[in-house]
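Have a look at the structure below before the remarks.
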Amino acid sequence: MTRETSMPAVLLEVGYLTNPGNETAMFTETLQNNLAREIVAGIYEYLGL
């Protein structure tokens with residue numbers, strides 16, 4: 001999925017639906033907001049912003 005691309009790419013696995021604890025957490029607004037914040041921080045860091 002990320003091989004042989006002409007642009008930067010990343011594949012994120014934030015949890016597993018087969019894990020009941022992960023599945024429950026992934027549907028919470030708190031976890032979704034935290035993940036979004038950290039993903040944006042990573043993009044900013046990569047771009048040097």
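Because the structure is predicted, anything quoted here is derived from the model rather than measured. In this chain, numbering begins with 1 at the start of the sequence shown.
- No side-chain donor-acceptor contact under 3.5 Å links E23 to the backbone of T18.
- Minimum interatomic distance between Q32 and M26 (heavy atoms only, all atoms of both residues): NE2-O, 2.9 Å.
- In the hydrophobic clustering of this structure, Y16 does not group with F27; members are Ile, Leu, Val, Met, Phe, Trp, Tyr whose side-chain heavy atoms approach within less than 4.5 Å, directly or through other members.
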Practice item. Determine, stepwise, if the pair N22 / T24 fulfils side chain to side chain contact (heavy atoms under 4.5 Å, CB included). Key: CA-CA 5 Å; N22 284 175; T24 300; over 6 Å; no
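- With rounding to the nearest 0.5 Å, the separation of CD in E38 from CD1 in I43 is 11.5 Å.
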